[in-house]
Amino acid sequence: MRARDLMTAPVITVHPWTSAKEAAGLLSMHGFTALPVVDDDDRLVGIVTEADLIRGRIPADSRYSHEPRESVAGKTAGDLMTTPVTAMSSGTDVADLCQALVDARIRAMPIVDGSAVVGIVTRGDVVRVLAREDAEIARDVRHRLEIYGGGRWEVAVRDGSVHITDQFDDESDRHVARLLALAVPGVVAADTAYAGEEQRK
């Protein structure tokens, strides 16, 4: 899978001068975890997250704190955003994107075409794909295989792992079938076998 297969697009963005309150409202309304920040030419300049918005924004309750402190958070997305920001292209392998999310301990990755933001992928997007029903995955795999080689394939899916049985003994076709299956959202592994070989076992 590629980033384009998972990303939310078009993506909602904010400008550096967008107020923190407005950014918080957008996150809350849409259930997002982060908003890309763009300049006048829609070029990515930063990202503002839930953590950025809550950090230092809520004053301590003076009734229970001996040292009441005022909120000192910035007032705009530009004040709060992380910059420079990591971004990836729409053709990025989702496996690489997931590794980047984990390694950098971030929850959302802006997807760009050059410097223009074209989408965003979150950890939640990946988890939703992994949660797809096996029956849905099998249907999508069968559809792709029928387009490629007709109705010669049998498809079984268990916990996102796909097993494809080919009626013909053609190793190169089975290789292509495996690649097609791996490109289906929700597939975590795929293997193929020749039906004649399986019958002899």
Side-chain angles (χ1 to χ4, degrees), residues 1-58 71-133 136-137 140-141 144 160 162 179-190:
M1 283 186 296
R2 300 292 164 178
R4 69 176 70 90
D5 300 319
L6 292 188
M7 70 183 190
T8 298
V11 62
I12 294 176
T13 59
V14 292
H15 294 289
W17 55 87
T18 302
S19 72
K21 186 174 184 68
E22 183 180 347
L26 288 169
L27 287 175
S28 177
M29 180 187 311
H30 297 284
F32 297 155
T33 60
L35 294 167
V37 183
V38 298
D39 64 13
D40 282 330
D41 297 318
D42 288 331
R43 292 176 300 200
L44 182 67
V45 296
I47 191 165
V48 62
T49 68
E50 293 170 320
D52 296 326
L53 286 166
I54 67 172
R55 188 178 296 114
R57 183 154 237 69
I58 307 297
S71 170
V72 293
K75 295 182 178 179
T76 66
D79 295 333
L80 303 170
M81 69 185 185
T82 298
T83 187
V85 59
T86 301
M88 292 185 161
S89 74
S90 61
T92 299
D93 189 314
V94 171
D96 294 333
L97 191 154
C98 289
Q99 193 62 53
L101 288 172
V102 172
D103 289 347
R105 297 183 179 181
I106 56 177
R107 298 180 66 184
M109 180 69 70
I111 306 301
V112 294
D113 180 4
S115 59
V117 182
V118 294
I120 193 166
V121 175
T122 68
R123 290 182 184 182
D125 294 328
V126 179
V127 170
R128 275 188 290 278
V129 166
L130 293 175
R132 289 189 77 203
E133 294 289 336
E136 293 178 37
I137 294 171
D140 289 352
V141 172
R144 292 188 185 207
V162 178
L179 295 180
L180 289 172
L182 287 171
V184 171
V187 173
V188 297

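What you see is a predicted model; the values in this text were computed from it and never measured. One-based numbering along the sequence shown. Hydrogens, waters and symmetry mates are skipped; everything else that's a heavy atom, side chains included, is used.
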Nearest 0.5 Å, what's the [atom1]-[atom2] distance between [X] and [Y]?
{"X": "Ile106", "Y": "Thr33", "atom1": "CD1", "atom2": "OG1", "answer": "9.5 Å"}
{"X": "Leu53", "Y": "Ser28", "atom1": "CG", "atom2": "OG", "answer": "11.0 Å"}
{"X": "Ile12", "Y": "Met29", "atom1": "CD1", "atom2": "CE", "answer": "8.0 Å"}
{"X": "Leu180", "Y": "Asp140", "atom1": "CG", "atom2": "CG", "answer": "12.0 Å"}
{"X": "Leu26", "Y": "Thr18", "atom1": "CG", "atom2": "OG1", "answer": "8.0 Å"}
{"X": "Ile54", "Y": "Leu80", "atom1": "CD1", "atom2": "CG", "answer": "11.5 Å"}

Taking all heavy atoms of [X] and all of [Y], pick out the closest pair and write down the distance.
{"X": "Val37", "Y": "Val48", "value": "CG2-N, 4.0 Å"}
{"X": "Ala181", "Y": "Val162", "value": "CB-CG1, 4.4 Å"}
{"X": "His15", "Y": "Val38", "value": "ND1-O, 3.0 Å"}
{"X": "Leu27", "Y": "Ala34", "value": "CD2-N, 3.5 Å"}
{"X": "Gly186", "Y": "Val129", "value": "N-CG1, 2.9 Å"}
{"X": "Leu44", "Y": "Ala87", "value": "CD2-CB, 3.7 Å"}

Has the side chain of [X] got a donor or acceptor atom that lies under 3.5 Å from a matching backbone atom of [Y]?
{"X": "Thr83", "Y": "Val45", "value": "yes"}
{"X": "Asp5", "Y": "Arg2", "value": "yes"}
{"X": "Thr76", "Y": "Asp79", "value": "yes"}

Would you check if [X] and [Y] make a side-chain contact, meaning some heavy-atom pair closer than 4.5 Å?
{"X": "Arg107", "Y": "Thr122", "result": "no"}
{"X": "Val14", "Y": "Met81", "result": "no"}
{"X": "Thr82", "Y": "Asp52", "result": "yes"}
{"X": "Asp93", "Y": "Asp96", "result": "yes"}
{"X": "Arg132", "Y": "Val184", "result": "yes"}
{"X": "Pro185", "Y": "Met1", "result": "yes"}

Inset, instruction - Test side-chain contact (heavy atoms from CB on, under 4.5 Å) on Thr92 and Met109 and set out the steps. - result: CA-CA 11 Å; Thr92 299; Met109 180 69 70; over 6 Å; no
Report, as yes or no, whether the 6.0 Å neighbourhood of atom [atom1] on [X] holds more than 12 heavy atoms from other residues, nucleotides or ligands.
{"X": "Asp113", "atom1": "CG", "value": "no"}
{"X": "Glu136", "atom1": "CD", "value": "yes"}
{"X": "Arg123", "atom1": "CZ", "value": "yes"}

Legend entry - Passing candidate, side chain to side chain contact (heavy atoms under 4.5 Å, CB included) with Leu97, options Val102, Leu6, Ile111: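 Only match with Leu97 under side chain to side chain contact (heavy atoms under 4.5 Å, CB included): Ile111.
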Legend entry - Salt-bridge present (Arg128, Asp125; N to O < 4.0 Å):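 Salt bridge flag = yes for Asp125 with Arg128.
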Inset, instruction - Indicate yes or no: does Arg43 engage Asp39 in a salt bridge with an N to O separation below 4.0 Å. - result: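 Result for this pair is yes, salt bridge flagged.
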